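Heads up: the structure comes next, in structure tokens.
Note that ligands are numbered from 1 as they come in the structure, with each ligand's atoms numbered from 1 the same way. In this text, all values refer to a predicted model and were calculated from it rather than measured experimentally.
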Amino acid sequence: MFKTPPRSPLDEDLRARLDARESHALRRQLRPISSGIGPRIVVDGRSILQFCSNDYLGITSHPAVIRAAETALARYGTGAGSARLVVGTSSPHCELEEALAQLKQTEAALALSSGYHANTGVLPALTGPEDMIFSDALNHASIIDGCRLSHAATKIYRHNDVEHLATLLSATGTIRRRVIVTESVFAMDGDLAPLSDLANVAKQYDALLVVDEAHATGVFGSHGGGLVQELELGAHVDVQIGTLSKAIGALGGYVAGSQTLIDTLINEARTFIYTTALPPSVAASATAAIQVITQEPERREQLWQNTRFLRKALDAAGYHINPGNSPILPVMIGDAAQTVALSNALFTHGVLVSAIRPPTVPTGTARLRVTPMATHTENDLEQAVDAFIAAGHDTDYL
Ligand SMILES: *Cc1c(COP(=O)(O)O)cnc(C)c1O
């Protein structure tokens, strides 16, 4: 048995910070689940209907994807053994990169350890103090950190405001390189970037366009290639970034673009060079997932159908959902404490939807981020709507 150690000054300080978070309904806690990710999960021995994963297509439990991982696990073992440039590149990594380049219709692609690594690797590799980055105000934390690590001057343009972006671009003097960076589907708001307009402005001001397709890959595009593919803008986007952890259902990140870009990243992206390669089994499952995404478009269709149903039903129930055209349905609440109360009430009614609070989103815009899966049944969706109505009444929100 361990004895409880006496409280140190550090613990006292940290405790005060945690208490301050608690009093503002901003304290976060882990919730272990004892099942795989699916429409239903097991929490504390209870079966719960969940609407907050990014496994949009139900890929994490797809038999062919699991089989591919098992086969690679038996053949290659549990870990890659080293970084990619040392002895960590195996056939599954190369096959994955070929599949990614094909999916994104680019010359080449590179797999990294996560989407976070991709954003924090690419921006510093492409820019330095003599360059300028133009970043959307609602870009993901990994893009913000990539901007910081690059040491480039960073200008923040108002969310999806192309005119504001053009104003900022026109006010720059002699700069070596201008880079515009945006998400294509905004992770917490579910709206889409005006990619065609961004491509035009990029061309007008001779700027590079970097697009993070984390939530678009597998969901948009005729073959699931993303929003860039759907809008046929591949020729106008210099760098496509994404993750293997959302619709692809595994772990890892990727960069897709020209062969020269990829060769440069292999030589210069610190988050690629100085970290251990993905386990080969993870790479193999991602490759199998890409195959499913390409060959089973009915999953995408079902996801969209479920999305339309939920948006309409929650709206009719009296909730305000941020306008947008993606499977991310942000039910806007505003106050963090109210959002937590609704999330807890939903849980009591057997439905898990996490409360998204500052600093993930701006203060006063806390929300319940609802993400349907292709594998939710009509019954699941109806149960969720009933739970939303009951939770709204329980907490005097509705
Ligand atoms: C999730 C996400 C990432 C990070 O991807 P991981 O693979 O989970 O590290 C990057 N960008 C955006 C827009 C995301 O939503």
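Environment of NE2 in His223: sparse, with no more than 12 heavy atoms of neighbouring residues, nucleotides or ligands closer than 6.0 Å. Counting non-hydrogen atoms of neighbouring residues, nucleotides and ligands closer than 6.0 angstrom, the CG atom of Asp206 reaches no more than 12 such neighbours.
Looking at heavy atoms from C-beta onward, Glu213 lies out of side-chain contact with Lys246 at the 4.5 angstrom threshold.
Under a 4.5 Å side-chain heavy-atom cut-off, the cluster of Ile, Leu, Val, Met, Phe, Trp and Tyr residues that includes Val370 is completed by Leu49, Phe51, Phe309, Leu310, Leu314, Tyr319, Ile321, Leu329, Val331, Ile333, Leu342, Leu346, Val351, Val353, Leu368, Leu381, Val385, Phe388, Ile389, Tyr397, Leu398.
Annotation: cation-pi pair Arg299/Tyr56 absent, no NZ/CZ under 6.0 Å from the ring centroid and within 45° of its normal.
Remark: side-chain polar atoms of Asn267 are not paired, donor with acceptor, to backbone N or O of Thr264 under 3.5 angstrom.
Under 4.0 Å from any atom of ligand 1, one finds heavy atoms of residues Ser114, Gly115, Tyr116, Asn119, His140, Ser142, Glu183, Ala187, Asp212, Ala214, His215, Thr243, Ser245, Lys246, Gly252.
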